[in-house]
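All remarks here apply to the structure that follows.
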Amino acid sequence: MKKLKSLNLIYFSPTRTTQKIIKAVAQGTGLENINEFNLTIPTVTSPLTEMDESHLAIFGSPVYAGRIPPEATSRLSQYKGNKTPAVIIVLYGNREYEDALLELKEIVSNQGFVPIAAGAFIGEHSYSTSEKPIAENRPDHSDLQKALGFGEKIMRKAENLATCEENSLPAIPGNFPYREPRDFSTISPTSIESECTLCLDCVNACPTLAINEQNPAKTDKSLCIVCCACVKVCPSGARVMDHPQIKTVADWLYTNYSVRKEPETFV
Ligand SMILES: Cc1cc2nc3c(=O)[nH]c(=O)nc-3n(C[C@H](O)[C@H](O)[C@H](O)COP(=O)(O)O)c2cc1C
Ligand code: SF4
Ligand code: SF4
């Protein structure tokens with residue numbers, strides 16, 4: 001394989017757990033010329049990039065209902081490769097990642113990238129609360145160490161590959177046809193107006209521009225992807241995910257998925 005000139009990190013990460021893992025993997029590769037394309041906030045546009053075999057791309061997305069969220073798919077698909085080696089990484093909240101890794105493989109392959117390694121890591125669940133923690137504070141030190149080690153392995157593989165072979169990625173879990181996507185279009189977090197200081201941190205963190213800038217208590221439910229970025233970023237606890245349907249899901253996750261899962265890598 002050609003000597004790698006740069007590493008491009010391309011990811012969607014509303015609550016930043018995917019971002020933490022991607023950065024640790026990048027550090028593990030030891031590559032110095034790193035470009036970051038954080039596609040979470042739609043107003044932050046990045047130049048449409050074409051990459052060739054001399055670049056390595058790391059793609060990252062959270063898992064939503066066992067799939068890649070459609071917002072991530074459309075944003076990640078802006079990038080084109082030309083036999084460009086790629087690493088695919090999904091972050092899930094300690095339940096399951098089901099078809100997400102397989103779907104991410106298809107997304108990047110359709111864009112001209114050649115996946116050479118894959119990883120499924122665990123991050124604090126979007127619906128975790130201090131009362132009902134689910135993978136709280138993950139990725140933690142141990143996860144990040146594994147991400148660093150994964151980066152090192154990727155480089156060893158890249159250095160030993162004669163060419164960027166289509167079939168060099170081991171089999172990864174997942175089934176096709178993929179799971180049916182879930183519809184959350186009638187749900188969004190709410191604001192406790194008496195606690196809100198109008199700091200607009202939630203507005204700036206929202207990946208779909210669903211929160212009204214003039215009045216952050218107003219959220220466009222049709223745009224909201226229930227990612228909880230606004231809830232996690234609110235400095236005064238005014239933004240809450242109090243919808244009964246999500247609370248039921250959070251209780252179910254807390255009861256059934258509290259046993260720690262460990263990252264899996266496929267190199
Ligand atoms: C709508 C939605 C669906 C989710 N579905 C799953 C799932 O199927 N399995 C799982 O383990 N975690 C699931 N999660 C949790 C996220 O995958 C997890 O919190 C991830 O760390 C978020 O990544 P981010 O911090 O980069 O945004 C879901 C979260 C949301 C908001
Ligand atoms: S309003 Fe919805 S989409 Fe926007 S940050 Fe909050 S939960 Fe995510
Ligand atoms: S982040 Fe919290 S305090 Fe700031 S505007 Fe949003 S709801 Fe209000």
Side-chain angles (χ1 to χ4, degrees), residues 11-23 38-42 60-72 89-101 103 120-129 133-139 143 178-243 245-246 249-250 252-253 256-258 261 263:
Y11 60 87
F12 180 74
S13 183
T15 61
R16 300 188 190 165
T17 61
T18 307
Q19 180 184 50
K20 283 184 193 152
I21 289 295
I22 298 276
K23 287 192 166 191
N38 180 350
L39 310 179
T40 313
I41 303 300
S61 169
V63 175
Y64 284 6
R67 300 280 307 270
I68 300 296
E71 293 68 26
I89 295 178
V90 295
L91 257 282
Y92 71 105
N94 206 57
R95 189 186 68 77
E96 301 286 350
Y97 58 93
E98 282 137 344
D99 304 332
L101 205 50
E103 188 178 7
F121 286 80
I122 295 94
E124 177 171 308
H125 201 289
S126 320
Y127 303 146
S128 172
T129 58
I134 312 153
E136 194 175 32
N137 295 326
R138 292 187 74 185
D143 294 314
Y178 306 133
R179 289 161 62 87
E180 284 296 312
R182 296 242 348 233
D183 178 16
F184 294 106
S185 60
T186 57
I187 301 175
S188 79
T190 55
S191 296
I192 306 165
E193 289 189 62
S194 57
E195 307 284 324
C196 176
T197 60
L198 300 177
C199 70
L200 303 188
D201 284 359
C202 55
V203 172
N204 295 327
C206 178
T208 59
L209 310 178
I211 308 174
N212 189 297
E213 204 173 336
Q214 268 69 48
N215 178 4
K218 278 195 191 160
T219 306
D220 184 339
K221 289 192 172 63
S222 68
L223 293 179
C224 178
I225 57 166
V226 290
C227 68
C228 285
C230 54
V231 175
K232 300 220 177 195
V233 84
C234 176
S236 52
R239 194 85 184 155
V240 286
M241 179 50 100
D242 53 359
H243 194 283
Q245 205 174 317
I246 299 291
V249 171
W252 171 73
L253 291 166
N256 296 291
Y257 296 99
S258 284
K261 294 197 170 162

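Atoms within each ligand, like the ligands themselves, are counted from 1 in listed order.
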Intermediate values then yes/no, side chain to side chain contact (heavy atoms under 4.5 Å, CB included), Ile122 and Leu91: CA-CA 5 Å; Ile122 295 94; Leu91 257 282; 5.8 Å; no
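Contact of the Cys202 side chain with the Cys234 side chain is not registered, since no non-hydrogen atoms from C-beta on lie closer than 4.5 Å. Leu200 is listed as a side-chain neighbour of Glu213, based on a closest heavy-atom distance under 4.5 Å. Contact of the Glu96 side chain with the Lys261 side chain is registered, since non-hydrogen atoms from C-beta on lie closer than 4.5 Å. Considering only heavy atoms from C-beta on, Pro42 comes within 4.5 Å of Leu209 through its side chain. When side chains are defined from C-beta on, Ile246 counts as touching Ile187, because their heavy atoms get closer than 4.5 Å. Annotation: side chain of Ile211 is not in contact with side chain of Lys218 (no heavy-atom distance under 4.5 Å). Contact annotation: the side chain of Pro14 approaches that of Pro207 to within less than 4.5 Å [non-hydrogen atoms, C-beta and beyond]. Under the 4.5 Å side-chain criterion, counting only non-hydrogen atoms from C-beta, Cys199 is in contact with Pro235.
Residue nearest to atom 30 (C) of ligand 1, selected from Phe121, Tyr92, Phe184, Tyr64: Tyr64 (by heavy-atom distance). Among Thr17, Asp99, Ile134, Ile187, the residue whose heavy atom lies nearest to atom 21 (O) of ligand 1 is Thr17. For atom 18 (C) of ligand 1, the nearest non-hydrogen atom from the set Ala100, Pro139, Gly93 belongs to Gly93.
Residue contacts with ligand 1: Arg95 is placed with a nitrogen or oxygen under 3.5 Å of a nitrogen or oxygen of the ligand (distance criterion only). At least one N or O atom of Val63 sits closer than 3.5 Å to an N or O atom of ligand 1. In terms of polar-atom proximity, defined here as any N/O pair under 3.5 Å, Thr15 does make such a contact with ligand 1. Between Phe12 and ligand 1, no N or O atom pair is found at a separation short of 3.5 Å. Considering backbone and side-chain atoms alike, Cys227 places every N or O at 3.5 Å or more from each N or O of ligand 1.
Among protein atoms, those of element N, O or S found less than 2.8 Å away from atom 4 (Fe) of ligand 3 are Cys199 SG.
Heavy atoms of Tyr127 approach ligand 1 to within less than 4.0 angstrom. Taking 4.0 Å as the cut-off, Gly66 counts as a neighbour of ligand 1 on heavy-atom distance. Ligand 1 lies out of reach of Arg138, whose nearest heavy atom is not under 4.0 Å from it.
Applying the 4.0 Å criterion to heavy atoms of Leu91 picks out, from ligand 1, the atoms 17 (O), 20 (C). With ligand atoms numbered from 1 in the order given, ligand 1 contributes 21 (O) to contacts under 4.0 Å with heavy atoms of Gly123. Here is the list of ligand 1 atoms found below 4.0 Å of a heavy atom in Pro14: 27 (O). Within the listing of ligand 1, atoms 18 (C), 19 (O), 21 (O) sit less than 4.0 angstrom from a heavy atom of Glu124. Atoms of ligand 1 lying under 4.0 Å from at least one heavy atom of Asn94, given by number and element, are 11 (O).
From the protein, the heavy atom lying nearest to atom 9 (N) of ligand 1 is Glu96 O, 2.9 Å. Looking at atom 29 (C) of ligand 1, its nearest protein heavy atom turns out to be Ser126 OG, 3.3 Å. When only non-hydrogen protein atoms are considered, atom 31 (C) of ligand 1 lies nearest to Val226 O, 3.2 Å.
Ring planes of Tyr92 and Tyr97: tilted class, angle from 30 to 60°.
A salt bridge between Glu103 and Arg67 is present, with a side-chain N of the basic residue lying under 4.0 Å from a carboxylate O of the acidic one. A salt bridge links Glu124 with Lys232: at least one charged nitrogen is closer than 4.0 Å to a carboxylate oxygen. Ion pair Asp99/Arg179 not flagged as a salt bridge, since none of the NZ, NE, NH1 or NH2 atoms sits closer than 4.0 Å to an Asp/Glu carboxylate oxygen.
With rounding to the nearest 0.5 angstrom, the CD1 atom of Ile192 is 8.5 Å from the OG atom of Ser236. Once rounded to the nearest 0.5 Å, the distance linking CG of Asp242 with OG1 of Thr190 reads 3.5 Å. Cys227 SG to Tyr64 OH: the interatomic distance, rounded to the nearest 0.5 Å, is 4.5 Å.
Under 4.0 angstrom from ligand 1, the non-hydrogen atoms of Ala65 all belong to its backbone.
Looking only at protein N/O/S atoms, the ones less than 2.8 Å from atom 2 (Fe) of ligand 2 make 1 in total.
The local environment of CZ in Arg16 is sparse, with at most 12 non-hydrogen atoms from other residues, nucleotides or ligands closer than 6.0 Å. In Glu136, the CD atom is crowded: over 12 heavy atoms of neighbouring residues, nucleotides or ligands sit closer than 6.0 Å.
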